[in-house]
Amino acid sequence: MYQLLKNEGTARRGVFTTADGTVQTPAFMNVATVAAIKGALSAYDLVDIGTQVMLCNTYHLHLRPGDEVVARRGGLHKFTGWNSVILTDSGGFQVFSLAKLRKITEEGVAFNSHIDGRHIFMGPEESMRIQANLGSTIAMAFDECVENPASYDYAKMSAARTTRWLARCKAEMGRIKEAGAATNPNQLLFGINQGACFEDLRIENMQQIAEMDLDGYAIGGLAVGEPKEEMARIITAVEPHMPKDKIRYLMGVGTPGDIIDGVARGVDLFDCVMPSRNARHGHLNTWGGIINLNNAKYAEDDSSLDEHCDCPTCRHFSRAYLRHLLKAGEMLGMRLAVMHNLYFYNTLMAKIRTALDEGTFCAFHRQYVKILDQRI
RNA sequence: GGGAGAAUUCCCGAGGGGCCAAAGGGGGCAGACUGUAAAUCUGUUGCAAAUUGCUUCGAUGGUUCGAAUCCAUCUUCUCCCA
């Protein structure tokens, strides 16, 4: 259940209550595709870095270890030791990212496993059954994330099909719960808006899925290579048609600046691989911008990563040491870097919430939206 | 003591008269990454007043229009026989 506490323009401050825990929004969900945050972070580390929601992936967990294995362990919460909110992505993004290995029909998508090449079929019903086995707090509807650029005709056809898939997802989830076969009987379902970069398709699609009374609504298919102005244009066009009393999720976004902009445009939830992937590659977020620790100039820099950050990494280690660990390919380097970047993102969201609470988000936006994405 | 082989750029290593500032790795430097097939991918890596010029293939000297490449001597290393 979503409760809007306060708003500043279209920006919203709220609380999302679930059976597994409460999420203060706006929030950034930390991506743990295969039920682990890459960089050797466990559920216990997530508590230390201020994580509210862990995000896992249906397709990846279906392949390995297998959703039924997870179900027999009591679901993702027991399996991972993370006792708060878990969102599972439906596998829809893999329709996009594994494009070379798949074939899409009305029924669903045929994949070749990226692990061993074996034939896999996933449609709305399969995705719902897998997510029911995984027992996440929130299941995402199975969608097609269309590549950019997309033709108008393809985007229209695909969005309509994704909506038909959504109806099947809702029906299948109902059947599973009725049969008592869900690992988590309180599992929620979010629908996903598609329509590429065409405002009329986006709006029409949003209006259709808004009528389906889902637990939350996501905007998908953005941040897939289109210019930032395009993304902003689409969010601004769709937002007025999203239910005010439901939580809104902008999938796969983004940079700190993208997130601040997203909040300003009325989004409550975000997720992105950037903080963890960039951290592993030496790109660290600071309150003054992004630094690339691989750069030679940090080889003898004894200062902490960010003097304004009090994460475990910044409290104890120098840039020179972190750079050495990263260069040497040590797991510790990645772990410390990922902890910092996720702490940074989680802290960014906390600051956004405080600004909204205090009615100063507009000033916060002005101060940080550009600088945080800059390279220094 | 006798015989055989080898020395190439930061490292390993290809190249056996002109198309060689010299393949390919590694390392270095730099860049990319947006619901993670991503410890991946891309560029670059002798110097400079830079469509060119200069220096570099163990050292010195030679052959040749032209040498990393052929010859002589030397140095160092490896292997085999004593």
Side-chain angles (χ1 to χ4, degrees), chain A residues 28-40 53-61 63-64 87-102 111-118 120 127 131 136 138-146 148 162 190-194 216-228 230-231 249-259 261-262 267 269-283 285 290 292-299 323 325-335 337-338 341 345 373 375:
Chain A
F28 178 79
M29 304 190 279
N30 293 195
V31 180
T33 302
V34 297
I37 306 252
K38 291 188 195 301
V53 183
M54 183 164 95
L55 186 154
C56 301
N57 185 274
T58 298
Y59 167 81
H60 290 279
L61 292 173
L63 291 190
R64 197 162 52 190
L87 181 145
T88 40
D89 187 26
S90 62
F93 186 70
Q94 281 61 45
V95 178
F96 163 78
S97 67
L98 303 177
K100 277 169 285 191
L101 304 174
R102 53 80 163 149
F111 291 100
N112 285 334
S113 159
H114 68 278
I115 296 170
D116 60 7
R118 110 186 127 88
I120 292 158
S127 179
Q131 293 186 79
S136 55
I138 302 160
M140 294 304 299
F142 188 70
D143 67 332
E144 179 189 1
C145 178
V146 177
N148 180 270
T162 288
F190 284 12
I192 303 174
N193 170 251
Q194 293 287 352
Y217 289 91
I219 301 174
L222 292 181
V224 290
E226 79 284 359
K228 283 187 189 290
E230 289 277 281
M231 178 162 80
Y249 166 24
L250 177 58
M251 305 184 81
V253 173
T255 67
D258 290 339
I259 289 173
D261 261 336
V267 175
L269 279 178
F270 302 84
D271 82 283
C272 191
V273 303
M274 286 187 102
S276 47
R277 180 184 292 162
N278 282 347
R280 280 180 276 131
H281 298 165
H283 288 228
N285 295 99
I290 299 164
N292 182 356
L293 263 196
N294 292 310
N295 290 171
K297 62 183 172 183
Y298 299 115
R323 173 183 141 88
L325 293 175
L326 255 8
K327 280 276 175 192
E330 282 296 328
M331 183 57 83
L332 178 61
M334 293 179 213
R335 178 176 151 80
V338 170
N341 269 6
Y345 267 66
D373 288 358
R375 294 290 304 278

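Worth saying up front: this structure is predicted, and the values here are computed from it rather than measured. Each chain gets a letter, A, B and so on, in the order the sequences are listed, and its residues count up from 1.
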Answer syn or anti for G15(B), where the cut-off is 90° from 0 on the glycosidic torsion. anti
Mate of C77(B) across any strand shown (Watson-Crick or G-U wobble, both atom pairs under 3.5 Å) is G5(B)
Write down the distance separating the C1' atoms in C65(B) and G13(B), rounded off to the nearest Å. 33 Å
Roughly how far, to the nearest 0.5 Å, is CZ of Phe190(A) from OG1 of Thr88(A)? 10.5 Å
For U34(B), which nucleotide in any strand shown is its Watson-Crick or wobble partner with both distances under 3.5 Å? none
Could you measure between the two P atoms, the one in A68(B) and the one in A22(B), and give it in whole Å? 13 Å
Partner set under ring pair (Phe, Tyr, Trp, His ring centres under 6.0 Å) for Phe142(A), not counting sequence neighbours: Trp165(A)
Separation between the P atoms of C19(B) and C74(B), rounded to whole Å: 32 Å
Name the pairing partner of G43(B), where a pair is Watson-Crick or G-U wobble with both distances under 3.5 Å, or state none. C29(B)
If we check side-chain hydrogen bond (donor to acceptor under 3.5 Å, both in side chains) with Thr255(A), which of these qualifies: Asp261(A), Asp373(A), Asn285(A)? Asp373(A)
Considering only the P atoms, how many Å lie between A7(B) and A59(B), rounded to the nearest integer? 13 Å
What distance, rounded to whole Å, do you find between the two C1' atoms, one in C57(B) and one in U9(B)? 8 Å
From Gln94(A) CD over to Asp89(A) CG, what is the distance, rounded to the nearest 0.5 angstrom? 6.0 Å
Quick one: OG1 on Thr58(A) to CG on Leu87(A), what's the gap to the nearest 0.5 Å? 9.0 Å
C1' gap between G31(B) and G24(B), integer Å: 23 Å
Base-pairing assignment for A72(B) (Watson-Crick or G-U wobble, both under 3.5 Å): U60(B)
Interatomic distance at P, G15(B) relative to U8(B), whole Å: 14 Å
When you compare C81(B) with G46(B), how far apart are their P atoms, in angstrom units rounded to a whole number? 44 Å
Give the B/S/- string for nucleotides 30-37 of chain B, one per nucleotide from 5' to 3', where a protein heavy atom under 4.0 Å of the base yields B, of only the sugar-phosphate yields S, and otherwise -. SSBBBBBB
If we ignore hydrogens and angles and just use 3.5 Å, is the side chain of Arg280(A) paired with the main-chain N or O of Met334(A) as donor and acceptor? no
Please find the pair of heavy atoms, one from Val146(A) and one from Val224(A), that lie closest to each other, and give the distance. O-CG2, 4.1 Å
Identity of whatever pairs with G18(B) - Watson-Crick or G-U, under 3.5 angstrom: C65(B)
